[in-house]
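For reference, the structure discussed in these notes is given below.
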Amino acid sequence: MSFAPVVLLWVMLAATAAALVAVRRPRFLAAVAVAVPLFALTLWYLARPPAPGAPVGLLGWQMAAGEPAWQLSGVVIWLLLAAVARMMLDRDLVHQPNRSVAAAFALAAAALPVLYAADGQTQVAAVALFAAVWALGDRGASAGRWLWLAAAVFLLWAGAVGGSTFALLAAALLLGLWPLDGWRGSEASPGLSVMRLGLPVVIGAAVLSATAGGGLAGAWLAAATALGLLSLLIGLARLRERSTAGLARPLAGALAGLALVAAAWAGETALLAAARLAVFAPAALLLVPRPAGQSATGSGRAGGLLPSIVVYAALAGLPLTVGFAVLARLYAAWPLPGGLVLIVATAALLSLWLAALYLSAALSGTGSGRVAWLNALPALLTVFGLIAFDTTALDSPPLVWAAVLVPAVAGGLLGRFVPGLRALPGLLREALAPGLPLERLAPARRVGAILSSAIADAAALLEGANGLLFLLALIVLLVWIGL
(Lines give C-alpha, C1' and ligand atoms only; values in the text may rest on other atoms or scores of the structure.)
Protein backbone atom coordinates (compact mmCIF):
# COMPACT_ATOMS: atom_id res chain seq x y z
CA MET A 1 0.00 0.00 0.00
CA SER A 2 1.22 3.50 -0.78
CA PHE A 3 2.00 5.74 2.18
CA ALA A 4 0.78 8.79 0.25
CA PRO A 5 -2.70 8.95 1.91
CA VAL A 6 -1.10 9.20 5.35
CA VAL A 7 1.21 11.97 4.17
CA LEU A 8 -1.78 13.77 2.64
CA LEU A 9 -3.67 13.47 5.93
CA TRP A 10 -0.79 15.02 7.84
CA VAL A 11 -0.35 17.84 5.30
CA MET A 12 -4.08 18.66 5.40
CA LEU A 13 -4.20 18.89 9.19
CA ALA A 14 -0.95 20.86 9.49
CA ALA A 15 -1.91 23.28 6.70
CA THR A 16 -5.32 23.85 8.25
CA ALA A 17 -3.71 24.67 11.60
CA ALA A 18 -1.46 27.20 9.89
CA ALA A 19 -4.37 28.72 7.94
CA LEU A 20 -6.41 29.14 11.09
CA VAL A 21 -3.62 31.26 12.53
CA ALA A 22 -2.82 33.29 9.41
CA VAL A 23 -6.26 33.93 7.89
CA ARG A 24 -8.79 36.30 9.50
CA ARG A 25 -11.99 35.39 7.68
CA PRO A 26 -14.28 33.60 10.16
CA ARG A 27 -16.79 32.25 7.63
CA PHE A 28 -14.08 30.83 5.38
CA LEU A 29 -12.26 29.36 8.36
CA ALA A 30 -15.44 27.79 9.67
CA ALA A 31 -16.04 26.08 6.32
CA VAL A 32 -12.44 24.84 6.18
CA ALA A 33 -12.46 23.66 9.80
CA VAL A 34 -15.54 21.51 9.14
CA ALA A 35 -14.65 20.31 5.64
CA VAL A 36 -11.09 19.16 6.41
CA PRO A 37 -11.99 16.61 9.14
CA LEU A 38 -14.81 15.24 6.99
CA PHE A 39 -12.52 14.82 3.99
CA ALA A 40 -9.77 13.42 6.22
CA LEU A 41 -12.21 10.89 7.64
CA THR A 42 -13.19 9.75 4.15
CA LEU A 43 -9.55 9.48 3.08
CA TRP A 44 -8.70 7.57 6.23
CA TYR A 45 -11.50 5.07 5.66
CA LEU A 46 -10.42 4.41 2.09
CA ALA A 47 -6.75 4.04 3.04
CA ARG A 48 -7.10 1.02 5.34
CA PRO A 49 -4.02 -1.15 4.78
CA PRO A 50 -4.82 -4.77 3.75
CA ALA A 51 -1.65 -5.92 5.50
CA PRO A 52 1.24 -4.35 7.44
CA GLY A 53 3.32 -2.32 5.02
CA ALA A 54 7.07 -2.13 4.68
CA PRO A 55 8.78 0.82 6.40
CA VAL A 56 9.07 3.95 4.28
CA GLY A 57 11.73 6.62 4.79
CA LEU A 58 10.35 10.16 5.10
CA LEU A 59 12.78 12.98 5.92
CA GLY A 60 14.96 10.55 7.82
CA TRP A 61 12.02 9.01 9.74
CA GLN A 62 10.97 5.38 9.29
CA MET A 63 7.18 5.15 8.93
CA ALA A 64 4.95 2.13 8.33
CA ALA A 65 1.21 1.60 7.88
CA GLY A 66 -0.54 -1.14 9.82
CA GLU A 67 -3.85 -1.99 11.48
CA PRO A 68 -3.02 -0.45 14.93
CA ALA A 69 -1.85 2.82 13.37
CA TRP A 70 -4.89 2.91 11.09
CA GLN A 71 -7.33 2.38 13.96
CA LEU A 72 -5.69 4.93 16.24
CA SER A 73 -5.46 7.55 13.49
CA GLY A 74 -9.21 7.11 12.98
CA VAL A 75 -9.70 7.87 16.68
CA VAL A 76 -7.67 11.07 16.25
CA ILE A 77 -9.67 12.27 13.23
CA TRP A 78 -13.06 11.43 14.72
CA LEU A 79 -12.15 13.13 18.00
CA LEU A 80 -11.06 16.20 16.01
CA LEU A 81 -14.41 16.25 14.19
CA ALA A 82 -16.32 16.20 17.49
CA ALA A 83 -14.06 18.89 18.96
CA VAL A 84 -14.53 21.13 15.91
CA ALA A 85 -18.31 20.69 16.13
CA ARG A 86 -18.22 21.80 19.76
CA MET A 87 -16.02 24.80 18.93
CA MET A 88 -18.30 25.79 16.05
CA LEU A 89 -21.25 25.89 18.42
CA ASP A 90 -19.19 27.84 20.94
CA ARG A 91 -18.11 30.30 18.19
CA ASP A 92 -14.45 29.83 19.04
CA LEU A 93 -13.45 30.90 15.53
CA VAL A 94 -14.97 34.31 16.21
CA HIS A 95 -13.61 34.88 19.70
CA GLN A 96 -10.21 33.17 19.71
CA PRO A 97 -9.15 32.03 16.23
CA ASN A 98 -5.51 31.58 17.21
CA ARG A 99 -6.12 29.30 20.16
CA SER A 100 -8.71 26.56 20.34
CA VAL A 101 -9.37 25.53 16.73
CA ALA A 102 -5.81 25.96 15.47
CA ALA A 103 -4.42 24.14 18.52
CA ALA A 104 -6.82 21.24 17.95
CA PHE A 105 -5.67 20.76 14.34
CA ALA A 106 -2.01 21.17 15.31
CA LEU A 107 -2.29 18.53 18.04
CA ALA A 108 -4.02 16.11 15.65
CA ALA A 109 -1.30 16.64 13.03
CA ALA A 110 1.44 16.15 15.63
CA ALA A 111 -0.13 12.89 16.85
CA LEU A 112 -0.13 11.11 13.48
CA PRO A 113 3.67 10.56 13.15
CA VAL A 114 3.72 8.79 16.53
CA LEU A 115 1.12 6.31 15.35
CA TYR A 116 2.99 5.39 12.17
CA ALA A 117 6.52 5.31 13.61
CA ALA A 118 8.30 2.12 12.49
CA ASP A 119 11.29 2.14 14.84
CA GLY A 120 12.33 3.37 18.25
CA GLN A 121 14.24 6.42 17.07
CA THR A 122 11.36 7.65 14.93
CA GLN A 123 8.97 7.11 17.82
CA VAL A 124 11.14 9.18 20.14
CA ALA A 125 11.39 12.01 17.60
CA ALA A 126 7.63 11.90 16.89
CA VAL A 127 6.72 12.04 20.60
CA ALA A 128 9.17 14.91 21.02
CA LEU A 129 7.38 16.74 18.19
CA PHE A 130 4.02 16.12 19.83
CA ALA A 131 5.39 17.36 23.15
CA ALA A 132 6.69 20.54 21.51
CA VAL A 133 3.33 21.28 19.86
CA TRP A 134 1.59 20.55 23.15
CA ALA A 135 3.88 22.92 25.04
CA LEU A 136 3.50 25.71 22.46
CA GLY A 137 -0.27 25.52 22.69
CA ASP A 138 -0.37 25.25 26.49
CA ARG A 139 0.23 28.93 27.15
CA GLY A 140 -0.80 28.96 30.79
CA ALA A 141 1.09 25.86 31.88
CA SER A 142 3.90 25.82 34.38
CA ALA A 143 7.27 24.22 33.70
CA GLY A 144 6.18 21.31 35.89
CA ARG A 145 3.55 20.24 33.36
CA TRP A 146 6.15 20.29 30.60
CA LEU A 147 8.53 18.21 32.69
CA TRP A 148 6.12 15.29 32.49
CA LEU A 149 6.27 15.33 28.68
CA ALA A 150 10.04 15.74 28.78
CA ALA A 151 10.17 12.72 31.07
CA ALA A 152 8.10 10.70 28.60
CA VAL A 153 10.46 11.59 25.75
CA PHE A 154 13.48 10.71 27.89
CA LEU A 155 11.98 7.37 28.92
CA LEU A 156 11.22 6.52 25.30
CA TRP A 157 14.79 7.37 24.34
CA ALA A 158 16.06 5.21 27.18
CA GLY A 159 13.73 2.43 26.01
CA ALA A 160 15.06 2.66 22.45
CA VAL A 161 18.60 2.41 23.78
CA GLY A 162 18.36 0.16 26.81
CA GLY A 163 15.20 -1.97 26.61
CA SER A 164 11.43 -1.98 26.83
CA THR A 165 11.19 -1.28 30.57
CA PHE A 166 11.55 2.46 30.09
CA ALA A 167 9.15 2.45 27.14
CA LEU A 168 6.49 0.82 29.34
CA LEU A 169 6.95 3.58 31.91
CA ALA A 170 6.63 6.18 29.16
CA ALA A 171 3.41 4.54 27.95
CA ALA A 172 1.96 4.63 31.48
CA LEU A 173 2.84 8.31 31.77
CA LEU A 174 1.27 9.18 28.42
CA LEU A 175 -1.86 7.16 29.12
CA GLY A 176 -2.43 9.28 32.22
CA LEU A 177 -2.54 6.66 34.96
CA TRP A 178 -2.51 7.77 38.58
CA PRO A 179 -0.24 9.30 39.86
CA LEU A 180 1.14 10.29 36.44
CA ASP A 181 -1.88 12.23 35.22
CA GLY A 182 -1.45 15.73 36.66
CA TRP A 183 0.21 17.21 33.58
CA ARG A 184 -2.70 17.29 31.12
CA GLY A 185 -4.46 20.26 32.74
CA SER A 186 -7.74 21.69 31.45
CA GLU A 187 -8.94 24.28 28.96
CA ALA A 188 -11.70 26.85 28.94
CA SER A 189 -12.86 25.48 25.58
CA PRO A 190 -14.56 22.06 25.93
CA GLY A 191 -13.58 21.25 22.36
CA LEU A 192 -9.88 21.74 23.03
CA SER A 193 -10.20 20.00 26.39
CA VAL A 194 -11.29 16.74 24.77
CA MET A 195 -8.27 16.89 22.47
CA ARG A 196 -5.88 17.44 25.35
CA LEU A 197 -7.60 14.74 27.37
CA GLY A 198 -7.86 12.14 24.61
CA LEU A 199 -4.78 12.47 22.40
CA PRO A 200 -2.25 11.47 25.10
CA VAL A 201 -4.23 8.25 25.53
CA VAL A 202 -3.88 7.57 21.79
CA ILE A 203 -0.16 8.30 21.92
CA GLY A 204 0.29 6.09 24.99
CA ALA A 205 -1.67 3.27 23.34
CA ALA A 206 0.57 3.48 20.26
CA VAL A 207 3.70 3.26 22.42
CA LEU A 208 2.23 0.40 24.46
CA SER A 209 1.16 -1.46 21.33
CA ALA A 210 4.67 -1.24 19.91
CA THR A 211 6.23 -2.30 23.22
CA ALA A 212 3.86 -4.88 24.66
CA GLY A 213 1.38 -5.72 21.92
CA GLY A 214 1.52 -9.39 22.84
CA GLY A 215 0.73 -8.84 26.51
CA LEU A 216 2.90 -8.95 29.63
CA ALA A 217 4.03 -11.68 31.97
CA GLY A 218 5.54 -12.17 35.40
CA ALA A 219 6.34 -9.16 37.51
CA TRP A 220 5.33 -6.71 34.76
CA LEU A 221 1.89 -8.32 34.53
CA ALA A 222 1.44 -7.98 38.29
CA ALA A 223 2.63 -4.37 38.35
CA ALA A 224 0.48 -3.33 35.39
CA THR A 225 -2.59 -4.98 36.91
CA ALA A 226 -2.08 -3.38 40.31
CA LEU A 227 -1.46 0.08 38.82
CA GLY A 228 -4.42 -0.18 36.45
CA LEU A 229 -6.90 -1.29 39.11
CA LEU A 230 -5.53 1.31 41.50
CA SER A 231 -6.25 4.00 38.89
CA LEU A 232 -9.84 2.75 38.68
CA LEU A 233 -10.16 3.04 42.46
CA ILE A 234 -8.45 6.42 42.83
CA GLY A 235 -10.64 7.85 40.07
CA LEU A 236 -13.70 7.22 42.24
CA ALA A 237 -12.11 9.17 45.08
CA ARG A 238 -11.49 12.10 42.74
CA LEU A 239 -15.11 12.64 41.87
CA ARG A 240 -16.12 16.15 42.88
CA GLU A 241 -19.06 17.36 40.77
CA ARG A 242 -22.29 15.45 40.30
CA SER A 243 -22.61 16.40 36.63
CA THR A 244 -21.57 14.29 33.66
CA ALA A 245 -18.84 16.79 32.77
CA GLY A 246 -17.47 16.56 36.32
CA LEU A 247 -17.19 12.82 35.83
CA ALA A 248 -15.16 13.07 32.62
CA ARG A 249 -11.66 13.78 33.90
CA PRO A 250 -11.63 11.20 36.74
CA LEU A 251 -13.14 8.66 34.32
CA ALA A 252 -10.35 9.34 31.80
CA GLY A 253 -7.67 8.35 34.31
CA ALA A 254 -9.67 5.31 35.42
CA LEU A 255 -10.18 4.04 31.86
CA ALA A 256 -6.49 4.59 31.14
CA GLY A 257 -5.88 2.11 33.94
CA LEU A 258 -8.34 -0.31 32.34
CA ALA A 259 -6.46 0.06 29.04
CA LEU A 260 -3.20 -0.91 30.73
CA VAL A 261 -4.80 -3.96 32.34
CA ALA A 262 -6.36 -4.97 29.01
CA ALA A 263 -3.02 -4.66 27.23
CA ALA A 264 -1.26 -6.68 29.92
CA TRP A 265 -3.74 -9.56 29.93
CA ALA A 266 -5.36 -9.60 26.47
CA GLY A 267 -2.87 -7.98 24.10
CA GLU A 268 -3.14 -5.52 21.25
CA THR A 269 -6.74 -6.07 20.12
CA ALA A 270 -8.12 -5.37 23.59
CA LEU A 271 -5.75 -2.42 23.99
CA LEU A 272 -6.98 -0.71 20.82
CA ALA A 273 -10.60 -1.09 21.88
CA ALA A 274 -9.76 0.11 25.40
CA ALA A 275 -8.04 3.18 23.95
CA ARG A 276 -11.24 4.06 22.06
CA LEU A 277 -13.22 3.64 25.27
CA ALA A 278 -10.77 5.78 27.26
CA VAL A 279 -10.90 8.55 24.62
CA PHE A 280 -14.57 8.74 23.62
CA ALA A 281 -16.35 7.97 26.91
CA PRO A 282 -14.88 10.98 28.78
CA ALA A 283 -15.20 13.11 25.63
CA ALA A 284 -18.91 12.33 25.33
CA LEU A 285 -19.48 13.35 28.95
CA LEU A 286 -17.37 16.48 28.63
CA LEU A 287 -19.13 17.68 25.47
CA VAL A 288 -22.66 17.42 26.85
CA PRO A 289 -23.65 21.09 27.23
CA ARG A 290 -24.86 22.48 30.54
CA PRO A 291 -26.75 25.74 29.92
CA ALA A 292 -27.43 27.71 33.06
CA GLY A 293 -30.97 28.35 34.20
CA GLN A 294 -32.62 25.76 31.96
CA SER A 295 -34.35 22.55 32.85
CA ALA A 296 -34.39 19.68 30.41
CA THR A 297 -37.64 18.02 29.48
CA GLY A 298 -39.03 15.92 26.66
CA SER A 299 -36.95 15.50 23.52
CA GLY A 300 -34.33 17.97 24.74
CA ARG A 301 -33.64 15.80 27.78
CA ALA A 302 -33.40 12.75 25.52
CA GLY A 303 -30.71 14.51 23.49
CA GLY A 304 -28.72 15.13 26.65
CA LEU A 305 -29.24 11.65 28.10
CA LEU A 306 -28.43 9.66 24.96
CA PRO A 307 -24.63 10.15 25.21
CA SER A 308 -24.72 9.14 28.89
CA ILE A 309 -26.77 6.05 28.06
CA VAL A 310 -24.31 4.91 25.39
CA VAL A 311 -21.36 5.64 27.67
CA TYR A 312 -23.06 3.55 30.38
CA ALA A 313 -23.49 0.66 27.92
CA ALA A 314 -19.87 0.91 26.74
CA LEU A 315 -18.50 1.15 30.27
CA ALA A 316 -20.58 -1.87 31.28
CA GLY A 317 -19.21 -3.77 28.28
CA LEU A 318 -22.54 -4.53 26.63
CA PRO A 319 -22.49 -6.00 23.10
CA LEU A 320 -22.15 -3.65 20.11
CA THR A 321 -19.87 -1.35 22.13
CA VAL A 322 -16.10 -1.10 22.41
CA GLY A 323 -16.45 -1.97 26.08
CA PHE A 324 -17.58 -5.45 25.12
CA ALA A 325 -14.54 -5.83 22.86
CA VAL A 326 -12.37 -4.95 25.86
CA LEU A 327 -14.03 -6.82 28.71
CA ALA A 328 -14.87 -10.00 26.80
CA ARG A 329 -11.20 -10.45 25.89
CA LEU A 330 -10.00 -9.38 29.32
CA TYR A 331 -12.34 -11.74 31.16
CA ALA A 332 -11.40 -14.56 28.78
CA ALA A 333 -8.17 -14.75 30.80
CA TRP A 334 -10.07 -16.24 33.78
CA PRO A 335 -8.41 -19.69 33.49
CA LEU A 336 -4.97 -18.11 34.03
CA PRO A 337 -3.49 -17.72 37.54
CA GLY A 338 -5.18 -14.72 39.12
CA GLY A 339 -7.81 -14.52 36.39
CA LEU A 340 -10.80 -14.98 38.68
CA VAL A 341 -9.53 -12.33 41.10
CA LEU A 342 -9.03 -10.00 38.15
CA ILE A 343 -12.65 -10.48 37.06
CA VAL A 344 -14.06 -9.90 40.55
CA ALA A 345 -11.95 -6.78 41.18
CA THR A 346 -12.65 -5.25 37.76
CA ALA A 347 -16.37 -6.00 37.90
CA ALA A 348 -16.69 -4.52 41.39
CA LEU A 349 -14.92 -1.29 40.42
CA LEU A 350 -16.90 -0.95 37.21
CA SER A 351 -20.14 -1.38 39.17
CA LEU A 352 -19.25 1.64 41.29
CA TRP A 353 -18.32 3.67 38.21
CA LEU A 354 -21.61 2.75 36.56
CA ALA A 355 -23.50 3.83 39.66
CA ALA A 356 -21.66 7.17 39.60
CA LEU A 357 -22.52 7.60 35.93
CA TYR A 358 -26.17 6.77 36.64
CA LEU A 359 -26.32 9.45 39.34
CA SER A 360 -24.66 12.10 37.18
CA ALA A 361 -26.92 11.38 34.20
CA ALA A 362 -30.00 11.64 36.41
CA LEU A 363 -29.01 15.20 37.33
CA SER A 364 -27.98 16.39 33.87
CA GLY A 365 -29.93 18.24 31.23
CA THR A 366 -29.37 20.17 28.04
CA GLY A 367 -32.37 22.44 27.68
CA SER A 368 -35.32 21.65 25.48
CA GLY A 369 -36.36 21.21 21.87
CA ARG A 370 -34.23 21.39 18.74
CA VAL A 371 -31.64 23.64 20.36
CA ALA A 372 -30.90 20.90 22.84
CA TRP A 373 -30.30 18.36 20.09
CA LEU A 374 -28.03 20.80 18.26
CA ASN A 375 -26.03 21.49 21.41
CA ALA A 376 -25.76 17.76 22.03
CA LEU A 377 -24.45 17.07 18.49
CA PRO A 378 -20.72 17.02 19.43
CA ALA A 379 -21.41 14.56 22.24
CA LEU A 380 -23.51 12.45 19.90
CA LEU A 381 -20.60 12.34 17.44
CA THR A 382 -18.33 10.87 20.07
CA VAL A 383 -20.97 8.24 20.78
CA PHE A 384 -20.27 6.72 17.35
CA GLY A 385 -16.71 6.12 18.50
CA LEU A 386 -18.07 3.86 21.23
CA ILE A 387 -19.97 1.60 18.81
CA ALA A 388 -18.22 -1.58 17.69
CA PHE A 389 -19.66 -4.51 15.71
CA ASP A 390 -17.32 -7.09 17.21
CA THR A 391 -18.85 -10.53 16.72
CA THR A 392 -15.76 -12.60 17.50
CA ALA A 393 -16.32 -12.35 21.26
CA LEU A 394 -20.03 -13.27 21.20
CA ASP A 395 -19.20 -16.93 21.80
CA SER A 396 -17.65 -16.15 25.20
CA PRO A 397 -18.28 -18.64 28.03
CA PRO A 398 -21.12 -18.06 30.52
CA LEU A 399 -18.72 -16.80 33.19
CA VAL A 400 -17.63 -13.95 30.93
CA TRP A 401 -21.22 -13.02 30.12
CA ALA A 402 -22.08 -13.02 33.82
CA ALA A 403 -19.09 -10.80 34.59
CA VAL A 404 -20.31 -8.34 31.92
CA LEU A 405 -24.01 -8.32 32.77
CA VAL A 406 -23.86 -8.30 36.58
CA PRO A 407 -22.07 -4.90 36.86
CA ALA A 408 -24.40 -3.44 34.21
CA VAL A 409 -27.41 -4.30 36.39
CA ALA A 410 -25.69 -3.65 39.72
CA GLY A 411 -24.56 -0.15 38.70
CA GLY A 412 -28.10 0.92 37.89
CA LEU A 413 -29.51 -0.63 41.07
CA LEU A 414 -26.87 1.03 43.24
CA GLY A 415 -27.47 4.39 41.64
CA ARG A 416 -31.25 4.08 41.95
CA PHE A 417 -31.77 2.50 45.36
CA VAL A 418 -28.68 3.36 47.44
CA PRO A 419 -28.97 7.07 48.32
CA GLY A 420 -25.83 7.00 50.46
CA LEU A 421 -23.72 6.21 47.42
CA ARG A 422 -23.28 9.94 46.74
CA ALA A 423 -20.99 10.06 49.77
CA LEU A 424 -18.72 7.32 48.40
CA PRO A 425 -16.08 9.66 46.84
CA GLY A 426 -15.73 11.54 50.10
CA LEU A 427 -15.41 8.29 52.07
CA LEU A 428 -12.77 7.02 49.67
CA ARG A 429 -10.80 10.26 49.92
CA GLU A 430 -10.90 10.02 53.72
CA ALA A 431 -9.90 6.37 53.76
CA LEU A 432 -7.19 6.52 51.12
CA ALA A 433 -5.48 9.83 51.80
CA PRO A 434 -6.65 11.77 54.88
CA GLY A 435 -5.41 15.31 55.02
CA LEU A 436 -3.86 15.16 51.55
CA PRO A 437 -5.78 16.07 48.36
CA LEU A 438 -5.63 13.43 45.68
CA GLU A 439 -5.23 16.11 43.03
CA ARG A 440 -1.78 17.14 42.02
CA LEU A 441 -0.21 20.19 43.60
CA ALA A 442 -0.93 23.65 42.18
CA PRO A 443 1.03 24.41 39.01
CA ALA A 444 3.25 26.99 40.68
CA ARG A 445 4.38 24.44 43.29
CA ARG A 446 4.60 21.39 41.06
CA VAL A 447 8.09 21.97 39.66
CA GLY A 448 9.96 21.03 42.82
CA ALA A 449 7.45 18.57 44.25
CA ILE A 450 6.66 15.98 41.55
CA LEU A 451 8.58 13.13 43.13
CA SER A 452 7.77 14.00 46.72
CA SER A 453 4.06 14.28 45.87
CA ALA A 454 3.97 10.80 44.35
CA ILE A 455 5.76 9.37 47.37
CA ALA A 456 3.41 11.17 49.75
CA ASP A 457 0.36 9.87 47.86
CA ALA A 458 1.67 6.32 48.06
CA ALA A 459 2.38 6.66 51.77
CA ALA A 460 -1.01 8.24 52.44
CA LEU A 461 -2.75 5.12 51.16
CA LEU A 462 -1.75 3.39 54.38
CA GLU A 463 -2.81 6.11 56.79
CA GLY A 464 -6.58 5.68 56.64
CA ALA A 465 -8.73 3.40 58.70
CA ASN A 466 -8.92 1.01 55.74
CA GLY A 467 -5.33 1.43 54.70
CA LEU A 468 -4.15 -1.91 56.05
CA LEU A 469 -7.11 -3.70 54.50
CA PHE A 470 -6.36 -2.02 51.18
CA LEU A 471 -2.70 -3.08 51.35
CA LEU A 472 -3.63 -6.65 52.21
CA ALA A 473 -6.06 -6.79 49.30
CA LEU A 474 -3.38 -5.53 46.95
CA ILE A 475 -0.90 -8.10 48.22
CA VAL A 476 -3.45 -10.88 47.76
CA LEU A 477 -4.04 -9.69 44.22
CA LEU A 478 -0.33 -9.82 43.43
CA VAL A 479 -0.03 -13.29 44.93
CA TRP A 480 -2.97 -14.58 42.90
CA ILE A 481 -1.47 -13.17 39.73
CA GLY A 482 1.54 -15.35 40.24
CA LEU A 483 4.28 -13.49 42.11
Side-chain angles (χ1 to χ4, degrees), residues 67-68 71-72 74-75 78-79 171-172 175-177 198 201-202 204-206 208-209 212-216 221 224-225 227-229 231-233 235 251-285 310-334 336 338-339 342-354 357 382-397 399-408 411:
E67 184 66 19
Q71 289 193 29
L72 292 176
V75 173
W78 194 259
L79 184 65
L175 282 172
L177 279 77
V201 176
V202 177
L208 192 57
S209 175
L216 299 174
L221 176 62
T225 304
L227 183 58
L229 295 181
S231 293
L232 278 167
L233 177 63
L251 181 62
L255 292 181
L258 181 63
L260 180 62
V261 175
W265 284 84
E268 185 177 77
T269 303
L271 169 63
L272 296 177
R276 283 176 59 184
L277 180 63
V279 170
F280 289 117
L285 300 180
V310 178
V311 171
Y312 188 100
L315 187 57
L318 297 182
L320 301 182
T321 68
V322 291
F324 182 73
V326 178
L327 296 181
R329 289 175 172 81
L330 178 61
Y331 293 160
W334 68 268
L336 301 177
L342 172 70
I343 290 179
V344 172
T346 304
L349 290 170
L350 288 179
S351 297
L352 295 176
W353 272 108
L354 290 169
L357 181 58
T382 60
V383 161
F384 286 99
L386 296 172
I387 303 301
F389 298 96
D390 188 350
T391 59
T392 58
L394 292 177
D395 58 347
S396 300
L399 177 62
V400 173
W401 280 102
V404 168
L405 295 178
V406 168

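Please read these numbers as outputs of a predicted model, since none were measured by experiment.
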Locate the shortest heavy-atom distance separating [X] from [Y]; write the atom from each residue and the value.
X: Arg276; Y: Ile387; result: NH2-O, 2.7 Å
X: Val201; Y: Ala278; result: CG1-CB, 3.9 Å
X: Ala333; Y: Trp265; result: CB-CE3, 3.6 Å
X: Gly228; Y: Leu260; result: N-CD2, 4.5 Å
X: Gly235; Y: Trp353; result: C-CZ2, 3.4 Å
X: Leu175; Y: Ala256; result: O-CB, 3.3 Å

Any side-chain heavy-atom pair from [X] and [Y] closer than 4.5 angstrom?
X: Val322; Y: Leu272; answer: no
X: Phe280; Y: Trp78; answer: yes
X: Leu318; Y: Leu405; answer: yes
X: Leu277; Y: Thr321; answer: no

Separation between [atom1] of [X] and [atom2] of [Y], rounded to the nearest 0.5 Å:
X: Leu255; Y: Leu315; atom1: CG; atom2: CG; result: 6.0 Å
X: Leu285; Y: Thr382; atom1: CG; atom2: OG1; result: 8.0 Å
X: Leu357; Y: Leu251; atom1: CG; atom2: CG; result: 7.5 Å
X: Glu268; Y: Arg329; atom1: CD; atom2: CZ; result: 11.5 Å
X: Ile343; Y: Leu330; atom1: CD1; atom2: CG; result: 7.5 Å

- Is the distance between the ring centroids of Phe324 and Trp401 less than 6.0 Å?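 Judged by ring-centre distance (under 6.0 Å), Phe324 and Trp401 do meet the cut-off.
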Between the main-chain N or O of [Y] and the side-chain N or O of [X], is there a donor-acceptor pair closer than 3.5 Å?
X: Ser231; Y: Leu227; value: yes
X: Tyr331; Y: Val326; value: no
X: Thr346; Y: Leu342; value: yes

